Amino acid sequence: FTYQNGRISMVESRDIRVEYFYADTNIRVRKFYEKSVNELVGTDTIDYNSNGRIAKIIHWTYPGIGFSDTVVDIMHFSYQGNLPSQILEEYAYYGEPFDTSLYILLADAAGNISKINMADASGTVYDSTLYQFDTNPNYFKIAHPDFFLLDPFFELQVGLVAHFPYFYSNNNVIDFNVYGSFGNPIVYGVDSLNQLTSVDMGGFEYMKYRYICP
């Protein structure tokens, strides 16, 4: 993570560099580069509603690492209170008709996204994911209200929407159920300020975070 004027300006993995551009305090554009050849391989444009919440993300993937075609992925966000309640996703190879998926996010009384239903364009549900939570304040919100924008490489499950319960719920996901039973325990490490230092899943280390303060 690289900072400029007190906010993230660049995030790097081994192969990818992501550059950040802002409108006021909001992340407005992210540009993804393949580091070995310094080639642009993706862009995000993020639109916000009047409450400062994400309204739409348009992501373009260009030929490069992992892709040989240009792909566009558009996500439209709807909210119930402060929590996203529905994500309509449109996905297409450039020049082709869009495929559409609908994600319905259901919250419990504690303000946690405890279930995601996946549906086709007609609204017919064909799959679901369930989540369990601890009672601690959400660790990801301490870092950023839309943590997946801050860390573009966070991936415990398949797809972006599957991670929204981690980032937007009041508490922390400690297990999830995809195929009929819980059995994917999530364990967090935090420092004395409740800043996230590690995320393990099923007993295996997935992510570590280190903070360097001047």
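Everything numeric here is computed off the predicted structure, so don't read it as measured data.
The shortest side-chain heavy-atom distance between Leu160 and Ile87 does not fall under the 4.5 Å cut-off. Considering only heavy atoms from C-beta on, Lys35 stays 4.5 Å or farther from Arg14 through its side chain. Within the 4.5 Å cutoff, no side-chain heavy atoms of Asn172 are placed close to those of Phe133. Looking at heavy atoms from C-beta onward, Val11 lies in side-chain contact with Phe153 at the 4.5 angstrom threshold. Taking the side chain as every heavy atom from C-beta outward, Gln80 and Leu105 never approach each other to under 4.5 Å. Considering only heavy atoms from C-beta on, Val199 stays 4.5 Å or farther from Met201 through its side chain.
Taking the centre and axis of the six-membered ring of Tyr33, the NZ or CZ atom of Arg17 falls inside the cone set by 45° and 6.0 Å. The cationic group of Arg7 lies under 6.0 Å from the six-membered ring centre of Tyr22 and within 45° of the ring axis, placing it in a cation-pi geometry.
Asn138 contributes no side-chain N or O that, together with a main-chain N or O of Asn170, makes up a donor-acceptor pair within less than 3.5 Å. Without hydrogens or angle criteria, Ser101 side chain to Glu89 main chain gives no donor-acceptor distance under 3.5 Å. The backbone N or O of Leu193 lies less than 3.5 Å from a partner atom in the side chain of Asp191, making a donor-acceptor pair. Looking only at distances, a side-chain donor or acceptor of Arg30 sits under 3.5 Å from a matching main-chain atom of Leu149.
Val187 belongs to no multi-residue hydrophobic cluster, having no ILVMFWY side-chain contact under 4.5 Å with any other such residue.
For the residue pair Tyr79 and Asn49, no side-chain donor N or O sits within less than 3.5 Å of a side-chain acceptor on the partner. Side-chain contact, Ser78 with His76: no donor N or O sits under 3.5 Å from an acceptor N or O.
Phe154 has its ring centre less than 6.0 Å from the ring centre of His163. The aromatic ring centroids of Phe148 and Phe164 lie less than 6.0 Å from each other.
With Phe167 as the fixed residue, the ring-ring contact (aromatic ring centres under 6.0 Å, His included) test singles out one of Phe147, Tyr139, Tyr131: Phe147.
At a threshold of 4.0 Å, the pair Asp47-Arg28 counts as salt-bridged, since one of the basic side-chain nitrogens sits closer than that to a carboxylate oxygen.
Taking the side-chain hydrogen bond (donor to acceptor under 3.5 Å, both in side chains) definition, one finds that Ser128 meets it with Asn117, sequence neighbours left out. Qualifying ring pair (Phe, Tyr, Trp, His ring centres under 6.0 Å) partners for Tyr103, counting only residues two or more places apart in sequence or in other chains: none.
For Asn82, the CG atom counts as loosely surrounded, since its 6.0 Å shell holds 12 or fewer non-hydrogen atoms of other residues, nucleotides or ligands.
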